[in-house]
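Worksheet: one structure, shown below.
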Amino acid sequence: MIPSAPKTIWSAKVNGQDVQAIAPSNAILLDVLRDEVGMLGVKRGCDLGTCGCCTVLIDGEPRLSCLCLAGQVEGQEITTVEGLAQGAHLAPIQTCFATHGGSQCGFCTPGFLMSAEALLNENEQPSRDEIACAIEGNLCRCTGYQQIVDSIEAAAEIKRGDAPAPTPASDPHPNPHPEGPDEPSMPPGHAR
Amino acid sequence: MNHRCHLVMQGDLMAGGYRQQPGASSAETRKDGKRVAGKQKFPPPGSGGSRPVMAPRDLDSIPESVGGKEPQPAGSHIHDRYRTGTEVGKPRALVDSHAKVTGQAWYGDDVRLPNEIIGKILRSPHHYAKIKSIDTSKVEALPGVLAVATGADAPNTFGVLPVTKDEHAMAVEKVRHVGDLVACVAAVDEATAMEALNLFEIEWEVLEPVFDPRKGLEDQDEPIHWRGKYHVGTTNVQKRVFQEFGDRSLVDDPTASSHGKWRMEGVHHGFTEPHAVVAHWDPNGRLQLYTPQQVPHYAHRALSTVLEVPMHQINVIRTFVGGGFGGKSDPFPHEMCAAILSRKAGRPVRINFTREEVYWINRGRHPSYIEVKMTADEEARISGFDIDALIDGGGFASFGHVTSYYNGVLATAPYELGSFHYTGARVWTNKPASGAMRGHGAVNTRCAVEVGLDEMAEQMQVDPIDLRLANLLPPHSRTISGFRITSNGMREALERVREGSDWDSKFRQMPLGKGIGIGCGFFISGSGLPIHWDPNRFPHATVHMQIDMDGGVTVHTGAADIGQGSTTAVAQVVSEVLALPIEMIHVRSHESDTSPVDLGSYSSRVTFMNANAAIRAALDIREKLLNAAWEMLGYHPDVLVLNDRRIYYKHDPAVGVSYLEALHKAQEDKGSLISSGAYRSPPMGGVHKGAAAGLAPAYSFSAYVAEVDVDVETGLVACTNVWAAHDCGKALNPLAVEGQIIGSCHMGLGQVLSEKMVYGRTGHLQNPNLLEYKIPSIHEMPHVTPIIVESSDPEGPFGAKEAGEGPLLPILPAVVNAVYDAIGVRIRDLPLTPDVVWKAITAKCKALDGIDETELPSPRLVHSPLQPTLVARGQEHKERDRKRQRSEDTSAYVNGVLFGFDPDRPLEDQVEGWKSAVEPVPEQLAELGLAGKAWLKKEQRQMGGDQ
């Protein structure tokens, strides 16, 4: 059994927020993110770095949080799936995973989203092969990857501006009643 | 019909949408003060009837038979008249996809309750051993330990099938495999719980384990389980099956024959979410259990039995399920453990599995020894069809009773057979239990059978696709074992993959190392007999619906969405029937407290049964709304049209009411509208023992063509292209169907090329992790072209059948046949890892006088005179099938007509040798195959034991 390590205060910037957590000095980043910071969107699939479900961005680079000590990324900028959306508006990559079938059971999805986001931040027009190389460390048992690649391609198009940005209908709080001639389009509760 | 179409379409021609006219007339109220229908101000925005503009009807999504433009090559459907063009047949994002892409979907490990503690399980280090004593005193003394439990705390047995309840929460008398549960402990944190596991003091008596299923057929000193008077000798045989149908004399003098002996390794589901469970006894003494279950209802039943608490005192909460594929469909011992620990500790207990523990609980596909003998007669009809399947069940029964049947009976279609002979046996061994996995029981034998057909086609020098096309059962027919086939898109699937893959210019014409192959599939769309059969004839699926004043529809169902999109399918059909946007439909399916009983996500039953129940519930609401509109408008429901939150007179769309107006009218004096719908499969099937295994209200069909590259110098097989045609009846959501087809290819490719559970010489599982258990990554995936075939099933919801499991079947034989086309070697050891392929290539080279592997001859095909005969027969049958599909020909058709029998008279009366047997006669015993040897032993009751 691993001897218990002294607890220290761990601090980092998670999804744009400065956070501090009290954790053993040998804590795994995945455990800290899930149990101390509360980012349950980071999934635990294997604890061995084989499935890619726990992928997060460390200063923009995709890393497996199960193979990373929290202490190694002290003070750095960490982005998890919870940090992708802008408020209530989903990022293009999120919308496209929904509309193109990139997510079935959804357990591997956060990992894929982070790997894809890192790719799209570097390469605005990736080929299907480049996409494949970017997500080769992520396992998906449901989709057979094809619709995931479709999703990433579609998101790249939106990011480049070659395709229209997601319509309100793909917002997490869509207006079920698209615009009519004499009725405002926003649902109740939204600022006009 | 035409007259009616014209009238329906009047309003639809106004392409810009029809504008309601609020206040266009001053007479909003009549003299008596009542409101005039269709002339009312709109309710506030955000509610169902708020929009002033009604969208035009989507005629492209309304079938021809009711005046729309959606083509119906397979004929009209009973649900056509409820189509509103709103949702069915449109590619849709899953309704829960936003929860998934934002990380908010809550899986088993994401349930965090206040004051929770961590449970850990002590697992057996021995393959097979008796527990002489367990001393827990040191564990209990460890500070931080709050509860300890052993098998003595829960002596009741459980199991997913009522006939084989052979599991305990924790081992009671003996452990049956390494990793079997021995005890469990709950502590304040994980580290303490882990430490506590080391403090159990157990005295073992180690027994002689059995790993090889062939050895399990022999008498043992200490069988792994004891079935009392039904135990077969003193062997480890858990279930044996014998079935024989047809005319065995047809097998004599075959024109072609194939005899293949297969060895298939066990494979695991490989879902990405490890099992996790949280149990919490609430202050009222009720158990709240959170678990990612495919089949929450059976877990519910088992919990009740084991904990000795009535079902209504247990609330099973299904979390999001991070992939199931059959691996989360048994009631699991760790679910019981969490509940027991929580009851003892008085606090919520969470148990998370490591990936290794996932492999210990297993329930994956059975490691199998399969032998298939097939013969064809002079007209290339399949005269003989013998299957022998010995399957390795591991330590527990799980679904194995059913698997034993499925290995044989699900091979009886889509071809017409002269005779069918099946012997199957499932044997307990000291390994983690096998169970149900996507394509349950049908995958391995299907592969063997399709490869056998390929071999016979080669002997007869005919095209394997034409051989299949000339031997298919038609729609609305019966298989040799009595299954009722309704819709059947097999022929179209074969034709479309042939065209899509450019088969005719590739097959047997490609250079060495490149190959193309065909495989077909046949699978049930919902098990016709519920596992927990009960004499009250409870329905298989029930759906409740509720609409309150705001117009939103809440649907309660127990169907478990495991990522396949069953919740979306339910929302879609309700949306379609009521002509409401899908955002207004809210499906609640997580809690057993609020959802009606549903048998769960197994046997590809959910879309078929649950959506049918949902349609019935929605129709009830629809009727209430139309009756309210009738009262308001004065037009009978028969002449009212539902479209986009409006109900109007079909000859004049200006006369109508909004959905909300009709709803509020219907709610007068009653409050919210409530309805319930149920589905139960019709009575069907034969009367012989085991006739119910494999019965389904509908069957799916599929045909795949795979293209492979084989590196003859290393034996590495790469699948490059797959054309995958699947008959799903009607694609309610084509995006989801395509996702299921591609995903099935992925899983099947894993089994055929790389995945296996490796048990070493000492019987230890050597690769219980995702590094050494090789699931294909994106680089191993071919390009898949999904082809959706729609045969419109008469009993399916809007014609739909399953698309979740059937699509997995054909990929295995398609790849194996393609490898033969590439290198001329038939390999019958799965998976086709490079070492296996390379050995086969070397052996072949040696047999050909030691030629170099790069000089291997590629197989070539010169058509024999039989080929044109087969093509002609296929063409003839195509016309026959078309007529039967469209009900232009409603005559009876049973397996055997191709061999000249009269379908209207019992076959036994027509042929002297026509057989229908479920037990071997003594003369047969000597010639039975490997699994057939299970019949050499007598049951205990016949030996006078355990009466």
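Predicted, not measured: the structure shown is a model, and the values here were computed from it.
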Do the non-hydrogen side-chain atoms of [X] and [Y] ever get within less than 4.5 Å of each other?
X      : Y      : value
A:T50  : B:R355 : no
A:K43  : B:E273 : no
A:V149 : B:I778 : yes
A:L48  : B:L770 : no

Residue [X] versus chain A: region with a heavy atom under 4.5 Å:
X      : result
B:P782 : backbone
B:Q104 : neither
B:V321 : backbone
B:M781 : side chain
B:I562 : backbone

What residue, out of B:G750, B:G323, B:G270, has the most heavy-atom pairs lying under 4.5 Å from chain A?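 Sorted descending by pairs with chain A, the first entry is B:G270.
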Looking only at heavy atoms and a cut-off of under 4.5 Å, which of B:R112, B:R92, B:Q564 has the most pairs with chain A?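 Between B:R112, B:R92, B:Q564, the count favours B:R112.
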Atom [atom1] in [X], atom [atom2] in [Y]: separation rounded to 0.5 Å?
X      : Y      : atom1 : atom2 : answer
A:T95  : B:H98  : OG1   : NE2   : 6.0 Å
A:R128 : B:H783 : CZ    : NE2   : 6.0 Å
A:C46  : B:Y773 : SG    : OH    : 15.0 Å
B:D109 : A:L40  : CG    : CG    : 8.0 Å
B:N769 : A:C51  : CG    : SG    : 11.5 Å
A:Q104 : B:Q740 : CD    : CD    : 5.0 Å

If I measure from the heavy atoms of chain B, does [X] come under 4.5 Å with its side chain, its backbone, both, or neither?
X      : result
A:R44  : both
A:C142 : both
A:C133 : both
A:L139 : both
A:A132 : both
A:T143 : backbone

Decide, yes or no, whether a salt bridge links B:D110 with A:R34 under the criterion of side-chain N to carboxylate O below 4.0 Å.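 A salt bridge links B:D110 with A:R34.
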Main-chain N/O of [Y] paired to [X] side chain as donor or acceptor, under 3.5 Å:
X      : Y      : value
A:Q146 : B:I742 : no
A:Q147 : B:E738 : no
A:Y145 : B:H746 : no

What option among A:G49, A:G83, A:G101 has the most heavy-atom pairs under 4.5 Å with chain B?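 Greatest number of close heavy-atom pairs with chain B: A:G101.
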